[in-house]
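Right, one structure below, let's go through it.
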Amino acid sequence: MSILAELKSRLSGPLGKLVEDPAELLEMVRPSQDPKFGDYQANFAMPLGKQLGRPPRDVAAEIVAGLDVGDLCEPPEIAGPGFINLRVKDDRLVDRLAEAAVDPRLGVPEVESPRRFVIDFSAPNVAKPMHVGHIRSTVIGDALCRLFRFLGHEVTSDNHIGDWGTQFGMILYGYRNFRDPSAYDAAPVAELARLYRLVRQLMDYHEGKAQLPQLGERLEQREAALADQLAAAGDTPDKKTAKALRKAENDLTESRKEIEQLEAKLAAVEADPVLSKMAIEHAGIGEAVLAETAKLHAGDAENRRLWEEFLPHCLDEINRVYGRLNVTFDHTLGESFYQDRLAATVDDLIKRGIATTSDGAICVFLEGQNVPMLIRKQDGAFLYATTDLATLGYRMETFQPDAILYVVDHRQAMHFEHLFATARLMGMEGVRLEHVSFGTVLGGDGRPFKTRSGDTVGLEGLLDEAVRRAATIVAENDDAKPKGAELSAEERAAIAERVGIAALKYADLSQNRTSDYVFSYDKMLAMNGNTATYMQYAYARVRSIFAKGDVDVEALRAAPPAIDLSTPAERALGLAILRFGEALDLAALDYRPNQLTAYLFDLAACYSTFFEQCPVLKAPTDALRQSRLLLCDLTARVIRKGLELLGIEVVERM
RNA sequence: GCGCCCGUAGCUCAACGGAUAGAGCAACGGACUUCUAAUCCGUAGGUUGCAGGUUCGAGUCCUGCCGGGCGCGCCA
């Protein structure tokens, strides 16, 4: 039991004499914001006083009088309007640290009633390279899997990949028309990626060409609209008019930018003799790609064979990236897996009167929703809502989960509202369905992050850049060591890979997941402040102490020495170590890894202060040296475990 | 037009209805013959978009307004 849980349990006695159900009030026991208010504070006397019609301080006094915490805390203090401030006795901190030292779980208990989770995350389209938009789902989803598993829950992770869509029509078309056989034999993944990009480029060219007149027209309309509005507004427009004017101006700028980018793209193709020849020869590429896709879906033997040939290569490609990110899945059941369940899913919904026909499409109309959820198009094709429903059904049958978490972009919020509402209509009551949404990665202009030419940013390039920057810093730091450089070129490279990828992941995880964030290399790859590097550095410094002092860590852990918390830095560090479990609970509560990063940053900061103020190897007495060594080791273990739960690795030296 | 999300220090962001709203970066001033200075200690920086309301207590909940983002039937 954590200290917090124990305090709640002790407080529930006296609280139970005043109210029937103290559970809600006990939620108001929490860590103090300021050390001068003790380690923990109980805030329930104020609402309780109101409820009982008594002065809150009297209520607090009555609770404190009936409270048996003499063995655990210093005498509780009542402050302000009725806060009860609790300071844990150093003796008890010492006991608990000794317990944590011999516990592989570092004193964090497993949950009493484990739940079964399915976590759906990452879900790239596998026929094309992963891009910046996949980072958040992948990194947050993986962290949640690790966190819930560690807490004792049963977790099934499932990567719902896009392996059945138009992208495969594109590769099929590319393979048929542009394949370089020797390149394909030598490196199929790279060749397929090239084919995808080529077909994409040609399709974009023709689509753009067709779109240009419309865009031009819209630009003219917008110019005219703005001119009209300006004329009508006069010299002193009211607020509403001014707002409309701003919007018109923005629309116009957007139109201009759009056309400019498109023209540049078209010009790039036309300037390239090979590409422009291809573009002319494959004028009908858009329809042809759709036809290839349709043939695949209709069961065409040759397209099916090629799809089966391509898919493993596509999986190799994404798995290579997952390998670098240190992310794994229990299942990778993509769209294709559910194809033969779609028709039955729709039929079932019709039969049960949940879905109806409207304008030739099959729809589920939902209470309080302006638009229905479409599950079959007029032309008979299924939609992603259909696949998601079929997937949900399969997961319920196969995994019987208590909860399914969808770690998906917030822009799909309405889709999930529809999906979950339909699931309830279908009678799926026992499962908790959660859209764990996250904000968009934006560029410096506040728009979704794109390269200067308007393309999405590749994920691998991002990883490479992170590692490149880390390598520079690793080298600089090693060169600057007091006794000269210590690391070989190979060690430096391995450290840079871990440090760089850690920085990238941590930048994402430390952000409140619900807000958009502005991407910047400098920020994402920063190596100081609240970053993975700071934690990795703290860890490496601990390890360095053990190496320098030639300390037998196993022996230290097996027979933990008495810990001395007499200086503020030592006490603060000890308390921080014991709060690991609280941080994990808080992170799990709202699926927010940033609660864990915030904790780890606080822990590492406590350690850095301790490191400055408390000599370990040269401690004044051997007893103190042993005590401090154990604090160091516990810190390192919590940092390593905490980072591990975020999917981030430590390094022994850096 | 309708719906959802957001607005906190110069910048990027934290803050599970609780006390004097916290960090990092940037700025300024200190600390390396001493276990890794990727560090530490300190200074400065705020009408939490605005106006009401609920509450013993509001950045947090409610209403309105201002500003921004996203979404809105046959893409995923």
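In what follows, chains carry the letters A, B, and so on, assigned in the order in which the sequence lines appear, proteins first and then strands, with residues in each chain numbered from 1.
The side chain of A/Gln412 has B/A76 as its nearest neighbour among B/A76, B/G18, B/G71. Listed nucleotides B/G73, B/U39, B/C72 differ in distance to A/Ser608; the shortest reach to its side chain belongs to B/U39. Taking only side-chain atoms of A/Cys363, from C-beta outward, the nucleotide of B/C74, B/G18, B/G73 with the closest atom is B/G73. Of the candidates B/A14, B/A19, B/C74, B/A19 carries the atom nearest the A/Gln41 side chain, counting heavy atoms from C-beta on. Closest contact between the side chain of A/Phe365 and the listed nucleotides B/G73, B/A76, B/U20 involves B/G73. Of the candidate nucleotides B/C70, B/A38, B/G73, B/A38 has the atom nearest to the side chain of A/Ile473.
Distance check on atom C1': B/C75 versus B/G64 gives 38 Å, rounded to whole Å. Comparing B/A26 with B/C11, their P atoms are spaced 16 Å from each other, to the whole Å. With P as the reference atom, B/C6 and B/G45 are 31 Å apart, rounded to whole Å. As rounded to the nearest Å, B/C61 and B/C72 have P atoms that lie 26 Å from one another.
Ring-plane geometry between A/His297 and A/Trp164 is classed as parallel, the angle between the planes falling under 30 degrees on a 0 to 90 degree scale with a further cut at 60.
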Dot-bracket notation for RNA chain B, counting Watson-Crick and G-U pairs under 3.5 Å, with | for partners on another strand: (((((((..((((....[...)))).(((((.......))))).....(((((..]....))))))))))))....
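Across all strands, A/Thr609 comes closer than 4.0 Å only to sugar-phosphate atoms, never to a base (heavy-atom distances). Residue A/Phe83 is in base contact, counting any heavy-atom pair closer than 4.0 Å across all strands shown. Residue contacts shown for A/Ala79 include a base, since a base heavy atom lies under 4.0 Å away. In this structure, A/Asp516 reaches the sugar-phosphate backbone alone: every heavy-atom distance under 4.0 Å involves primed, P, OP1 or OP2 atoms, never a base. As judged by a 4.0 angstrom heavy-atom cut-off over every strand, A/Pro47 is placed among the base-contacting residues. Backbone-only contact: A/Asn594 has heavy atoms under 4.0 Å from sugar-phosphate atoms and none from a base. Using a 4.0 Å heavy-atom cutoff across all strands shown, A/Pro124 reaches no nucleic acid atom at all.
The phosphate of B/G18 has OP1 or OP2 within less than 4.0 Å of a side-chain N or O from A/Arg30. Note on A/Gln511: a side-chain N or O is less than 4.0 Å away from OP1 or OP2 of B/C13.
Scanning for side chain to side chain contact (heavy atoms under 4.5 Å, CB included) contacts around A/Asp39 gives A/Arg87, A/Val88, A/Arg571, A/Leu575, A/Arg579, with sequence neighbours left out. A/Arg492 pairs by the side chain to side chain contact (heavy atoms under 4.5 Å, CB included) definition with A/Val474, A/Ala475, A/Asp478, A/Asp479, A/Ala485, A/Leu487, not counting sequence neighbours.
Taking 3.5 Å as the limit, the base of B/G73 and the side chain of A/Ser358 contain a donor-acceptor pair of atoms between them. With hydrogens and angles left out, the side chain of A/Asn85 and the base of B/A19 share a donor-acceptor pair within 3.5 Å.
Separating the CE atom of A/Met46 from the C1' atom of B/A58 is a distance of 14 Å, rounded to the nearest angstrom. The interatomic distance linking A/Gln595 (CD) with B/A14 (C1') rounds to 9 Å, in whole Å. As a whole-Å value, the separation of A/His435 NE2 from B/C70 P is 16 Å. Nucleotide B/A21 holds its P atom 11 Å from the CG atom of A/Asp34, rounded to whole Å. Between A/Glu335 atom CD and B/C75 atom P the separation is 14 Å, expressed in whole Å. For the pair A/Met203 CE and B/C75 C1', the interatomic distance rounds to 12 Å; values are reported in whole Å. If you take CG of A/Leu389 and P of B/C74, they are 18 Å apart, rounded to a whole angstrom. As rounded to whole Å, 13 Å separates atom C1' of B/C75 from atom NE2 of A/His297.
A/Phe382 has its ring centre no less than 6.0 Å from the ring centre of A/Tyr338. Here A/Phe37 and A/Phe83 keep their ring centres 6.0 angstrom or further from each other. Aromatic rings of A/Tyr537 and A/Tyr534 (six-membered ring for Trp) have centroids beyond the 6.0 Å cut-off, not under it.
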Just by protein heavy atoms under 4.0 Å, how would nucleotides 2-7 of chain B read 5' to 3' in B, S and -? S-----
In 5'-to-3' order, the base (B), backbone-only (S) or no-contact (-) status of each nucleotide in nucleotides 22-36 of chain B, using a 4.0 angstrom heavy-atom cut-off, is -SSS--------SBB
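Under the 4.5 Å side-chain criterion, counting only non-hydrogen atoms from C-beta, A/Phe438 is not in contact with A/Asp508. For the pair A/Ile545 and A/Leu629, the minimum side-chain heavy-atom distance is below 4.5 Å. Contact of the A/Leu624 side chain with the A/Arg628 side chain is registered, since non-hydrogen atoms from C-beta on lie closer than 4.5 Å.
Using a 3.5 Å distance cut-off with no hydrogens or angles, the side chains of A/Arg513 and A/Tyr591 do not pair a donor with an acceptor. A side-chain N or O of A/Tyr506 and one of A/Asn530 form a donor-acceptor pair less than 3.5 Å apart.
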Report, one line per pair, each donor and acceptor closer than 3.5 Å where one atom sits in a side chain of residues 125-133 of chain A; sequence neighbours left out.
residue: A/Asn125; atom: OD1; partner: A/Gln167; partner atom: NE2; Å: 3.4
residue: A/His131; atom: ND1; partner: A/Gly133; partner atom: N; Å: 3.0

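The only member of A/His418, A/Glu417, A/Met414 that meets side-chain contact (heavy atoms from CB on, under 4.5 Å) when paired with A/Met373 is A/His418.
Residue side chain A/Phe37 meets the stacking definition with respect to B/A19: its ring centre sits within less than 5.5 angstrom of the base's six-membered ring centre, and the planes differ by less than 30 degrees.
Looking at which nucleotide of RNA chain B each of A/Arg411 and A/Ala604 is closest to, the 5′-most match is held by A/Ala604. Ranked by how close their nearest RNA chain B nucleotide is to the 5' end, A/Arg513 and A/Ala361 are led by A/Arg513.
Between the A/Thr635 side chain and the A/Tyr607 main chain, no donor and acceptor come within less than 3.5 Å of each other.
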